[in-house]
Amino acid sequence: MADILTPALGESVTEATIAKWTKKVGDAVKKDELLVELETDKVSLEVVAPADGVLGAINAAEGDTVAPGTVLGSVTEGGAAAAAPAAAPAKAAKGEPKAAAPAAAASSIDITVPVMGESVAEGSMGKWLKKSGEAVKKDELLVEIETDKVAVEVSAPADGVLTIAADEGSTVTPGQKIGSIAASGAAAAAAPAAAPAAAPASTGSAQVSKNETLSPAVQRVVAENNLDPRAIAATGPKGNITKGDAIAAIGAVAAAPAPAAAPAAPRALAPREERVKMTRLRQTIARRLKESQNTAAQLTTFNEVDMTNVMALRAQYKEVFEKRHGVKLGFMSFFTKAVVAALQEIPAVNAEIDGTDIIYKNHYDIGVAVGTDKGLVVPVLRDADTLSLAGIEKGIGALGKAARDGALTMDQLQGGTFTITNGGTYGSLMSTPILNAPQSGILGMHNIVQRPMAINGEVKIRPMMYLALSYDHRIVDGKEAVTFLVRIKELLEDPQRALLDL
């Protein structure tokens, strides 16, 4: 018997929550197969099977909190082979006509999650169109998996009887087993048993409503637009209605003369409130932000920057830049360069307080706030002072992709000396960002807006951005904070200053 242990969770992480078990007690497992997902306040971790065998016990249920080294369960080594023969005598004693069950199980075909596209690491199970125990045909649509980009249809790999292993709404990853198809012999055995039950049904039941065989994507279009599936012309394989057919039907309904309005039915009353447990990441975000407010003497100062010259420089060289370096030229690289230059001039903004000491940092590891579906994370761009504009763009792009895919490591989330957050990507005009403790400064970028400005006695329309610097007033004085923002403003409004080291 091999124990399944909670692995080391990283520096300063003392506990994790059981997010999901992918196997049940009694299921056969293979060595290094994913068994359980753990969620910490920073990253998600996967725990795999320590050996081949059968999952013998689960000691920590989903939602439980565990510490490093905790025994989560156990795998009975070599138990898979012994489990099947042992089950046969028990069933025979009960007189059940299933003596061939072990053979059927041995010849079953797994249904796995297909590859869902570049950078798509997981999807959500939709509604199964068949139930466990029902006979299915090869290539028959079984379920649709929804991702943040596309919907992927999963069909039966062979004729047989379906067994479902992943429930509707559960999160799955490429290659994960979501069900299985028993051998065609099992399907043949199931068919006669089902026939007597179907005989008393009226002949009218043979005309099953099309809505029962619609894919989830088509069902959504039909439901949202109050379409009648029986009135939609189907062009898909085997007479199925495609999403395009449903969308085309919307236009046909819109073009038809509207019938006399029928009395509206009373609106169904939905629950007025819904209580949802916060994820560990969201709990950590809330705790750290409140601790930051309670610890530091936070103050925010503002300035505005004319983005004309940076935008012109970017427009002039963006195509050549992308061809040369293989990455697009964005604004973040200019801001990062300007921030590093300002930090070198005002070292207090790059420092932190430790008790009664001040620690001045002579390295420039810039945190870049990234919004994801699970919450805000701040991966760190190491040694930004040594990177070119292309190096900064590539580094930020890689960190952003890893954050959205949930693939950030603990090392990528720790040790930043200063943070940049860009609320402008969501349309923010102005904000007062909260410090990312124990750092002493955070720069807030905002939306670029065309505004009238007085230029040499004339009113001109310029692309303007508000900048906000939140800082710890215990270590950074007002003069230093204002000077820091002015240096960033100067470097952005006149990018040539950086080349001349001015």
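Everything numeric in this text was worked out from a predicted model, so none of it was measured.
In this structure a side-chain-to-backbone donor-acceptor pair under 3.5 Å is present from Asp472 to Arg474. No donor-acceptor pair under 3.5 Å is formed between the side chain of Glu62 and the backbone N or O of Ile18. The backbone N or O of Glu291 sits less than 3.5 Å from a side-chain atom of Thr295, completing a donor-acceptor pair. When atom types are taken as modelled, the side chain of Thr301 and the backbone of Ala481 share no donor-acceptor pair closer than 3.5 angstrom. When atom types are taken as modelled, the side chain of Asn294 and the backbone of Lys290 share a donor-acceptor pair closer than 3.5 angstrom. In this structure, Asp52 contributes its side chain and Lys31 its backbone to a donor-acceptor pair below 3.5 Å. Looking only at distances, no side-chain donor or acceptor of Trp21 sits under 3.5 Å from a matching main-chain atom of Glu37. Without hydrogens or angle criteria, Lys489 side chain to Glu304 main chain gives a donor-acceptor distance under 3.5 Å. No donor-acceptor distance shorter than 3.5 angstrom exists from the side chain of Lys20 to the backbone of Ser170, with no hydrogens or angles considered. Formation of a donor-acceptor pair under 3.5 Å by the Gln412 side chain with backbone atoms of Thr409 is found in this model.
Using a cut-off of 4.0 Å between Lys/Arg side-chain N and Asp/Glu carboxylate O, Glu144 and Lys127 are scored as not salt-bridged. Lys361 and Glu352 are joined by a salt bridge, as a carboxylate oxygen and a charged side-chain nitrogen come within less than 4.0 angstrom of each other.
In this structure, the side chains of Ile353 and Asp357 stay at 4.5 Å or more apart for every pair of heavy atoms. For the pair Val349/Ser440, no side-chain contact is recorded, criterion being any heavy-atom separation below 4.5 Å from C-beta on. Using a 4.5 Å heavy-atom cutoff, the side chains of Thr432 and Phe302 are in contact. Counting only heavy atoms from C-beta outward, the side chains of Ile145 and Ser124 never approach each other to under 4.5 Å. The closest side-chain heavy-atom distance from Val486 to Glu490 is below 4.5 Å. You'll find the side chain of Glu33 reaches within 4.5 Å of the side chain of Lys23, heavy atoms only. At least one side-chain heavy atom of Val47 sits under 4.5 Å from a side-chain heavy atom of Leu38. With a 4.5 Å cut-off on side-chain heavy atoms, Val459 and Met453 do not count as touching.
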Exercise for the section: Please lay out, stage by stage, how Asn422 and Phe331 fare under the test side chain to side chain contact (heavy atoms under 4.5 Å, CB included). Expected result: CA-CA 10 Å; Asn422 186 5; Phe331 293 123; over 6 Å; no

Exercise for the section: Please step through side chain to side chain contact (heavy atoms under 4.5 Å, CB included) for the pair Tyr317 and Glu319, ending with a clear verdict. Expected result: CA-CA 6 Å; Tyr317 293 107; Glu319 293 182 2; over 6 Å; no

Problem - Candidate pair Met311 and Ile448, rule side chain to side chain contact (heavy atoms under 4.5 Å, CB included), full reasoning - result: CA-CA 10 Å; Met311 293 175 70; Ile448 300 174; 4.3 Å; yes

Practice task
Show your working on side chain to side chain donor-acceptor pair (under 3.5 Å) between Asn350 and Thr417 and close with a plain yes or no.
Solution key: CA-CA 6 Å; Asn350 200 47; Thr417 62; 2.8 Å; yes

Practice task
Using the side chain to side chain contact (heavy atoms under 4.5 Å, CB included) rule, take Ile442 and Leu469 through it: C-alpha gap first, then chi angles, then the decisive distance, then the call.
Solution key: CA-CA 6 Å; Ile442 179 171; Leu469 174 69; over 6 Å; no

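Classified by interplanar angle (parallel below 30°, tilted 30° to 60°, perpendicular above 60°), the ring pair His325/Phe321 is tilted.
Side chains of Asp139 and Ser155: a donor-acceptor N/O pair is absent below 3.5 angstrom, by distance only. Ser470 and Thr300 are linked by a side-chain donor-acceptor pair at a separation below 3.5 angstrom, with hydrogens and angles left out of the test. There is no side-chain donor-acceptor pair under 3.5 Å between Thr65 and Glu15. In the model, Gln298 has a side-chain atom that pairs as donor or acceptor with a side-chain atom of Ser292 under 3.5 Å. When only modelled atom types and interatomic distance are considered, Thr419 and Gln439 share a side-chain donor-acceptor pair under 3.5 Å.
Taking all atoms of both residues into account, the shortest heavy-atom contact from Pro229 to Ile241 is O-CD1, 3.5 Å. Nearest heavy-atom pair across Val340 and Ala384 is CG2-CB, 4.0 Å. Contact record, Leu72 with Val66: CD2-CG1, 3.8 Å, taken as the closest heavy-atom pair. Nearest heavy atom pair, residue Glu168 against residue Gly126, reads CG-O, 3.4 Å. In plain terms, the two heavy atoms of Ile475 and Glu480 that are nearest each other are O-OE1, 3.9 Å. The shortest non-hydrogen separation linking Val476 to Ala348 is CG2-O, 3.7 Å.
Glu458 pairs by the side-chain contact (heavy atoms from CB on, under 4.5 Å) definition with Lys460, not counting sequence neighbours. Under the side-chain contact (heavy atoms from CB on, under 4.5 Å) criterion, Asp383 pairs with His363, Asp365, Asp385, Thr386, not counting sequence neighbours.
In this structure, Arg314 is not positioned above the aromatic face of Phe334 in the sense of NZ or CZ being under 6.0 Å from the six-membered ring centre and within 45° of the axis.
Rounded to the nearest 0.5 angstrom, Lys479 NZ and Ile346 CD1 are separated by 8.5 Å. Note that the OG atom of Ser333 and the CG atom of Leu381 stand 10.5 Å from one another [nearest 0.5 Å]. With values rounded to the nearest 0.5 angstrom, Ile111 atom CD1 is found 13.0 Å from Gln176 atom CD. The CD1 atom of Ile420 sits 7.0 Å away from atom CE of Met445, with the distance rounded to the nearest 0.5 Å. Atoms OG1 and CZ, on Thr284 and Arg288 in that order, are 8.5 Å from each other to the nearest 0.5 Å. Rounding to the nearest 0.5 Å gives a distance of 7.0 Å between NZ of Lys277 and OG1 of Thr17.
Aromatic ring centres of Phe418 and Phe484: separated by under 6.0 Å.
Only one option out of Asn309, Val305, Thr308, Asp306 pairs with Leu492 in a side-chain contact (heavy atoms from CB on, under 4.5 Å); it is Val305.
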